[in-house]
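Beneath this line is the structure, given in structure tokens, with notes to follow.
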Amino acid sequence: AIGIDGRAVHLATPDGKVQLALGDYVEDGWHRLRLWLPTAGGHQDHAVGQLERRGAEGDWQPAGKSGMVPARAPAGGYGTFMPVTWPGERGYMLFLDDLTVESADQAPGPAR
């Protein structure tokens, strides 16, 4: 689960028992959230998240530390992408510009 509280972006287990800060976002900036998630048959026991911000030169730079939480592949073989927004206020905008799913040999190794 990914949560945004104020400007802080968090990676969490679905039950909320483990929550790690990935960094803060800034208004009028481009951000990218990278997630490495367990796959069926992959034997992974965690998910990794990294918040990145586009720099002045157009390159992506970490906006905080990467985070790792316990996770496992979906039992049915398929995950769920479900944006749920409720900021508790009016007059906000959130743009989802691109969604890309790629295979990766392994996730980066943040400190646990």
Measure from the side-chain N and O atoms of His10 to the backbone N and O of Ala1, and report whether any donor-acceptor pair falls under 3.5 Å. no
So which heavy atom on Thr13 is nearest to which on Lys17, and how close? OG1-N, 3.3 Å
Value for CG (Asp97) from CZ (Arg32), rounded to nearest 0.5 Å, stands at 12.0 Å
side-chain contact (heavy atoms from CB on, under 4.5 Å), that's the test. Do Trp36 and His46 meet it? Break it down for me. CA-CA 9 Å; Trp36 291 267; His46 60 276; over 6 Å; no
Smallest separation among heavy atoms of Arg72 and Pro38, with atom names: C-CB, 3.7 Å
Quick one: does Arg34's side chain have a donor or acceptor within less than 3.5 Å of a partner on Val48's backbone? no
Under a 4.5 Å cut-off applied to non-hydrogen side-chain atoms, are Val26 and His31 in contact? yes
Looking at Ala73 and Thr39, what are the two nearest heavy atoms and their distance? CB-C, 3.4 Å
Is there side-chain contact between Leu11 and Ile2, with heavy atoms separated by less than 4.5 Å? yes
Quick check: closest heavy atoms across Gln19 and Ala12, and the distance to 0.1 Å? CG-CB, 3.6 Å
Might you point out which heavy atoms bring Val9 and Ile4 nearest each other, and give the distance in Å? CG2-CG1, 4.2 Å
Show the nearest heavy-atom pair for residues Gln50 and Pro62, with the distance to one decimal. NE2-CB, 3.6 Å
Using a side-chain heavy atom cutoff under 4.5 Å and only I, L, V, M, F, W and Y, what cluster partners does Trp60 have? Trp30
From Met68 atom CE to Gln44 atom CD, the distance as rounded to the nearest 0.5 Å: 11.5 Å
